[in-house]
Structure formats: C-alpha cells, structure tokens
Trainee: 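I have a structure I would like to understand better, so I am pasting it below and will then ask my questions one at a time.
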Amino acid sequence: MRKYMYMQNELEALIEGKTYREGDKLPSIRELARQYQCSMSTVIRTLHELEKRHLVYSVDKSGYYVVKKQGKPHTAVPDIIDFATSAPDPDVFPYVDFQHCINKAIETYKNDLFLYGTAQGLPSLIQVLQKQLANHQVFTQPSNIFVTSGVQQALALLATIPFPNQKDTLLIEQPGYHLLIEYLETHKLPVIGIKRTAQGLDLEELERLFRRERIKFFYTMPRFQSPLGTSYSRQEKAAIVELARKYEVYIVEDDHLADLEQDSKSDPMYTFDQSEHVIYLKTYSKIIFPGLRLGTAVIPDALTDTFNQYKRLLDIDSSMLSQAALEIYLKSGMFDRHKQKIRSSYQRRSRVLADSLQRELADATDLFSYQEMKYPGIHTHLILNERLSISRLIPLLKKQSIVVESIDKHYLSTFPQESILKLNASTTKEEVIEQGIKQLVDVLRKAR
C-alpha cells in the first residue's frame, strides 16, 4: 500500500476517534514526516487529500486543524446490537470520495449516458477490472470479463443458459446463498444440495454426485462462506477443481469477500483450473455499498457468446453511471485506500467476535459448539444444542436488544436443516460485540 494512503487512513482514524477533537491542531508537516518516516511532500499530499474530504482545514502560516464534525455525536453503546445485517458498515464508507467519482463520471461520460452501452460492460472499466482481478490471482482476457448488475444477475443467467456439458441439474452448498436458493425454487429449476460444515465438504459425496447426477455446475463460496463464515483449504480447492475436470462439471466460484482476505497465500479456485471449468464471480457491493449493484463475472471461452446474448436480452447493459463511477474510484486509488480501511475495521471486529465466542464456549459447551478459524471472517456460526429452538430464541434476544436472524432461508426446502445460529459483525460496533455475545449466551442458558 502506498505510504500516503497508509498515512491518510491513520490520520483519518485518529480524527474520527477520540485522539483529536474539533478544532485541534495537527502536528506540523515536519513532525508528521518524522513520525511516519516519509518525505514532507508525502505529508502535504496526505493533508491535501484530508482537506478535500472536509476532515481538516488549513490556516495560512499556522497549520492544519480538525474540521467540526457533523451529525449527532457518537454514542458508546447503541440501542440495538445487530448480529443479523450483512451489509457494509455505512460509518466506514467514504461518501465524499464516491460523490466526487459520480460527479466526475457525469462530467467525463456525459455524452455516453444518453446511449446504450454494451452487454459486456463499459470497455474502459473492463480494462481496469482486468488489473484488479490479477491482484486476486485471477488472470484473464478482457473478452472473458463481464460487468453484471451484482452477482445475483450473473447467477440468474448462469442458471438459465445452456452449458457445453449439456447437463441440467445445479448443485449448491447447504446451507448456502439464500437468494440463489429462492431464485431456483421460484423458477422450479432442478437443484440438489450437498452438506457443508466447518470442516468443509465430504469429497467422496461430492464425487458421487458428480458421477451419478447430471450436474451442470456446482455453486460454491470457497472463502468466508455465507452463512457459515468458513473457508476451504488450498488442498480442498485443488481437489474440487480436479473432480470438476474429471466429470465435466463446471464450478461457479462466488468470491464475494475476496477483498477482506488476510491470508496472502489464499488463492481462489480459479487459479487451480487448467481446463476452463471455473467461472469466477466477484461483487463490489459487499465492500463499497449494496446500492452500487455491480459485479464481475469471468466467463470461459465456451460460454462467452451465449452469456453475452442472454445478458443483452435481459437488460441491454448494466448502469453506465455506476460503471463509470466505479472505474474512476478504482483508477484513482480511492478504492485501495477504502479497502485497507474497511479491512482493518472488519479484522478487529472479527477478532473480537471470535475471542468473545471462544471465552464463552469454555462454560457453555452444553449450549453450542463453535469452530475457531485461523483467519476469522466478519461472520460466523454456532451449532446449537438440539433442545434450543432458534424460532423461540429470536424474540427472546430481541427483548434484550440483540438482533439475530434465522438460517432457515439458507436451505433448500427439501434439504434437512440443522440448528444453526449465524452471527454477522459487519455493522456491529467493536466496543459492543463482547457485551452482545455475553447477553446472547445468557439468553441461551435461560432458554434451555
């Protein structure tokens, strides 16, 4: 990460925290250069960026001061502890930055906004996405990259279009992505499930299904799976890709939280694919904001023409304004800075959530089981004692101002369900996570 971006994130965190109050003077340029071990020009660039974001202002021959903060003051303890919401934290989003990108997009592409684009996506954005994907070890050509209206559109198209293997049944993890499940069952598409746990998949069962059933594609979230929060090992990824090659099955890899990965050695399944059987999907909604509705699909050569045809008939093109704004956001370096900020914020919350659960588990093994992960994600799950009813727990927790959500919708209607409670900390403030987990376990004890 560039030095000025790191410095900008650090100063911004200090300003938004309690270190600097409104009107406080920042250290001098020379002092900041010494403190961060960088040149004074880097400090000046950082301060100019903070000034553009209305976090500091300069006084001639005096220095830089903290701008008066807007909105209602931060309260240490919110009224509700929300373990259900999976959207990005709005308090971490750089509204001023993205507003600038939208305005710049209108100015740059004002003539193109009155024309229909291409089904594949804005060509200049695709060039930028190619470089972004390479950062995740996804090396592909622009002709294979499609911009979609979120991952949901890509999944709907893939579930509908004919595949070269001429098979028709979809295989999905259980529990799995609830909106895909709802789509498949609403449209009465042939689908079966395979159980996924904190230990991963039963690879022998996966091979049996690949061999005996007419599996068109296997949909999976290899890392930070929703709703479990677990990730495949490198060996599991390689084994699944090899089975797909062997039995002529495609894999649809949903890498929805790739930007939050802490393990530098964790590559997507796409990197293990030597036979073009992996379709890679990525969204920007989970790290920027859901309203952006933009995703990326890397489609193999054998499917590009069909995918393009069906997508064009569905919506002609994805939002040109959103695409143009995202292009500017990525090219300017703002996205990398925001990614570093939200990753740091989520890592702290993930660690507090994991540590809190591990402490409580010591005296609550009769209530639930919890699998600690080497690299905890922003969401996780508890397997509850069979005597505990989640439908009864939800209103009891709500009375304690704790919001959780049932996992029922993450299962196919025909698949046997387990008593699992999912927990998400993406919008839960770091300082109340431990308190929320203590209250949750107390409610579990009383409910038992």
Side-chain angles (χ1 to χ4, degrees), residues 77-78 80-86 173-176 178 193-202 205 221 223-233 236 346-413 415-448:
V77 182
I80 294 176
I81 301 176
D82 185 356
F83 287 128
T85 303
S86 60
E173 301 165 333
Q174 293 290 275
H178 66 285
I194 181 170
K195 184 177 178 179
R196 179 165 174 178
T197 68
Q199 288 72 41
L201 291 176
D202 182 338
E205 172 67 5
M221 291 183 183
R223 54 179 146 200
F224 306 130
Q225 195 258 13
S226 178
L228 300 180
T230 59
S231 300
Y232 290 143
S233 68
E236 286 175 306
Y346 282 3
Q347 282 177 6
R348 292 193 300 270
R349 298 181 205 194
S350 300
R351 193 70 265 168
V352 173
L353 178 63
D355 290 346
S356 299
L357 287 170
Q358 201 62 33
R359 279 194 297 270
E360 292 297 327
L361 178 62
D363 298 318
T365 52
D366 59 327
L367 299 176
F368 67 87
S369 60
Y370 165 67
Q371 179 72 43
E372 187 173 19
M373 288 163 273
K374 183 178 180 182
Y375 297 100
I378 200 63
H379 61 278
T380 189
H381 71 285
L382 309 179
I383 300 178
L384 301 184
N385 183 302
E386 291 180 357
R387 290 175 294 173
L388 293 168
S389 165
I390 292 179
S391 60
R392 182 174 170 232
L393 282 173
I394 290 174
L396 291 175
L397 289 166
K398 192 173 182 180
K399 289 180 181 179
Q400 300 293 320
S401 298
I402 297 175
V403 180
V404 295
E405 194 174 57
S406 170
I407 203 171
D408 294 357
K409 64 184 181 181
H410 291 271
Y411 282 99
L412 290 165
S413 57
F415 202 90
Q417 298 184 15
E418 287 190 280
S419 186
I420 294 176
L421 184 66
K422 63 174 183 174
L423 299 173
N424 196 305
S426 62
T427 59
T428 311
K429 299 306 175 190
E430 187 179 339
E431 59 268 23
V432 300
I433 292 175
E434 185 176 2
Q435 170 197 332
I437 295 300
K438 285 182 178 293
Q439 289 179 236
L440 185 151
V441 174
D442 285 343
V443 170
L444 290 181
R445 286 197 178 97
K446 292 174 182 176
R448 184 195 59 181

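Just so it is clear, the values below take in all heavy atoms, side chains as well, and ignore hydrogens, waters and symmetry mates.
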Trainee: Indicate yes or no: at least one non-hydrogen side-chain atom of Val404 is less than 4.5 angstrom from one of Leu393.
Mentor: no
Trainee: Under the 3.5 angstrom rule, does the side chain of His379 hit a backbone N or O of Phe224 as a donor-acceptor pair?
Mentor: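 Indeed, once roles are kept as given, a pair shorter than 3.5 Å links the two residues.
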Trainee: Where the side chain of Arg349 meets the backbone of Ser426, is there a donor-acceptor pair that is under 3.5 Å apart?
Mentor: yes
Trainee: Within the distance-only criterion (no hydrogens, no angle test), does the side chain of Gln225 pair as donor or acceptor with the backbone N or O of Pro175 below 3.5 angstrom?
Mentor: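 The answer is yes, because a donor-acceptor pair under 3.5 Å joins these two groups.
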Trainee: Just how far is it from atom CD1 of Ile81 to atom NZ of Lys429, taken to the nearest 0.5 Å?
Mentor: 13.0 Å
Trainee: If you apply the rule side chain to side chain contact (heavy atoms under 4.5 Å, CB included), what do you find for Glu205 with Ile194, and how did you get there?
Mentor: CA-CA 8 Å; Glu205 172 67 5; Ile194 181 170; 3.9 Å; yes
Trainee: Does some side-chain heavy atom of Ile407 sit less than 4.5 Å from a side-chain heavy atom of His381?
Mentor: no
Trainee: Find out whether Leu440 and Phe368 are in side-chain contact, i.e. whether some heavy atom of one side chain is under 4.5 Å from a heavy atom of the other.
Mentor: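 When only atoms from C-beta onward are counted, Phe368 and Leu440 do not touch, as no gap falls below 4.5 Å.
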Trainee: Tell me whether the count of non-hydrogen atoms from other residues, nucleotides or ligands lying under 6.0 Å of CD in Glu386 goes above 12.
Mentor: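 Incorrect, the count does not exceed 12.
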Trainee: Rounded to the nearest 0.5 Å, what separation is found between the CG atom of Leu397 and the CD atom of Glu405?
Mentor: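 Result: 13.0 Å between the selected atoms.
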Trainee: Going by the side chain to side chain contact (heavy atoms under 4.5 Å, CB included) test, name the single residue among Thr365, Leu423, Leu357 that passes it with Tyr370.
Mentor: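 Between Tyr370 and the candidates, side chain to side chain contact (heavy atoms under 4.5 Å, CB included) is satisfied uniquely by Leu357.
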Trainee: Please answer whether the main-chain N or O of Ala447 pairs with a side-chain N or O of Arg392 as donor and acceptor at a distance below 3.5 Å.
Mentor: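 Here the side-chain-to-backbone pair exists.
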Trainee: Any salt bridge between Arg351 and Glu372, counting N to O under 4.0 Å?
Mentor: yes
Trainee: Could you walk me through whether Leu228 and Met221 pass the side chain to side chain contact (heavy atoms under 4.5 Å, CB included) test, one step at a time?
Mentor: CA-CA 10 Å; Leu228 300 180; Met221 291 183 183; over 6 Å; no
Trainee: Can you tell me how far the OG atom of Ser356 sits from the NZ atom of Lys438, to the nearest 0.5 Å?
Mentor: 7.5 Å
Trainee: Would you call Glu434 and Arg359 a salt bridge, using N to O less than 4.0 angstrom?
Mentor: yes
Trainee: With side chains defined as the heavy atoms from C-beta onward, is the minimum distance between His410 and Ser226 less than 4.5 Å?
Mentor: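 Result yes, sub-4.5 Å side-chain heavy-atom pair found.
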Trainee: Looking only at atom types and distance, does a side-chain atom of Ser350 sit under 3.5 Å from a main-chain N or O of Gly377, one as donor and one as acceptor?
Mentor: yes
Trainee: Carefully, step by step, assess Leu201 and Tyr232 under the rule side chain to side chain contact (heavy atoms under 4.5 Å, CB included).
Mentor: CA-CA 9 Å; Leu201 291 176; Tyr232 290 143; 3.1 Å; yes
Trainee: Drop me the distance from Leu444's CG to Glu360's CD, to the nearest 0.5 angstrom.
Mentor: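 One finds 10.0 Å between CG of Leu444 and CD of Glu360.
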Trainee: Is Gln439 reaching over with its side chain to a backbone N or O of Gln400, donor-acceptor style, under 3.5 angstrom?
Mentor: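 Checking the backbone N and O of Gln400 against the side chain of Gln439, a donor-acceptor pair under 3.5 Å is found.
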Trainee: Using 0.5 Å steps for rounding, measure from the OG1 atom of Thr428 to the CD1 atom of Ile437.
Mentor: 8.5 Å
Trainee: How about Leu388 and Leu421: do any of their side-chain heavy atoms sit closer than 4.5 Å?
Mentor: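 Leu388 does not reach Leu421 side chain to side chain.
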Trainee: Before giving the answer on side chain to side chain contact (heavy atoms under 4.5 Å, CB included), spell out for Ile383 and Thr197 the whole-Å C-alpha distance, their side-chain angles and the decisive distance to 0.1 Å.
Mentor: CA-CA 10 Å; Ile383 300 178; Thr197 68; over 6 Å; no
Trainee: Sub-3.5 Å donor-acceptor pair from the side chain of Glu236 to the main-chain atoms of Ser233, do we have one?
Mentor: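 Yes, because the side chain of Glu236 sits within donor-acceptor range (under 3.5 Å) of the backbone of Ser233.
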